Amino acid sequence: MIIRVFRARIKAGLTEEFEEKYRTVSVPFMESCKGTESVSIGRPTEWTPEDYVMVSEWTSLQALQDALGSAWHEAHIPVGMEHLIESCAVEHFERM
């Protein structure tokens, strides 16, 4: 099992638009990928006031690679959402 952690810092004033597209574009896309076990998203807290996170679990590294292609290890930003992101990062882990 592979855990993919995507973190994004959203540009000031664009959080409402981002949250809408996060729920209606990003999550459905990830959930539709073959090999996705789960997708969870998190919004900012007082400890991370500008950051959002998406944690997805995949049946295997191969399933993740098949779904996201050769750039599987990079952040995947859906078309039309690029202007919302100030910065982002993605990390991968093996589930214990």
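In this text, all values refer to a predicted model and were calculated from it rather than measured experimentally.
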Within the distance-only criterion (no hydrogens, no angle test), does the side chain of [X] pair as donor or acceptor with the backbone N or O of [Y] below 3.5 angstrom?
X: Gln62; Y: Ser60; answer: no
X: Tyr22; Y: Val53; answer: yes
X: Thr24; Y: Glu20; answer: yes
X: Thr36; Y: Ser38; answer: no

Aromatic ring proximity, centroids under 6.0 angstrom, His76 and Phe6: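 For Phe6 and His76, the ring centres are not under 6.0 Å apart.
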
Are His92 and Trp72 close enough that their ring centres sit under 6.0 Å apart?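 For His92 and Trp72, the ring centres are under 6.0 Å apart.
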
Please give me the minimum heavy-atom distance between [X] and [Y], naming the atom from each residue.
X: Val90; Y: Ala75; answer: CG1-N, 3.5 Å
X: Ile85; Y: Cys88; answer: CG2-CB, 4.0 Å
X: Pro49; Y: Pro44; answer: O-CB, 3.4 Å
X: Met1; Y: Trp58; answer: SD-O, 3.1 Å

When rounded to the nearest 0.5 angstrom, what is the spacing between [atom1] in [X] and [atom2] in [Y]?
X: Glu91; Y: His73; atom1: CD; atom2: NE2; result: 13.5 Å
X: Ile3; Y: Glu37; atom1: CD1; atom2: CD; result: 11.5 Å
X: Lys34; Y: Thr59; atom1: NZ; atom2: OG1; result: 8.5 Å
X: Leu84; Y: Lys21; atom1: CG; atom2: NZ; result: 5.5 Å
X: Arg4; Y: Leu61; atom1: CZ; atom2: CG; result: 11.0 Å

Does Glu94, at its CD atom, have more than 12 non-hydrogen atoms belonging to other residues, nucleotides or ligands within less than 6.0 Å? no

Let me see the working for Glu86 and Arg9 under salt bridge (Lys or Arg N to Asp or Glu O under 4.0 Å), right down to the final yes or no. CA-CA 5 Å; Glu86 182 177 309; Arg9 180 159 291 168; 5.2 Å; no

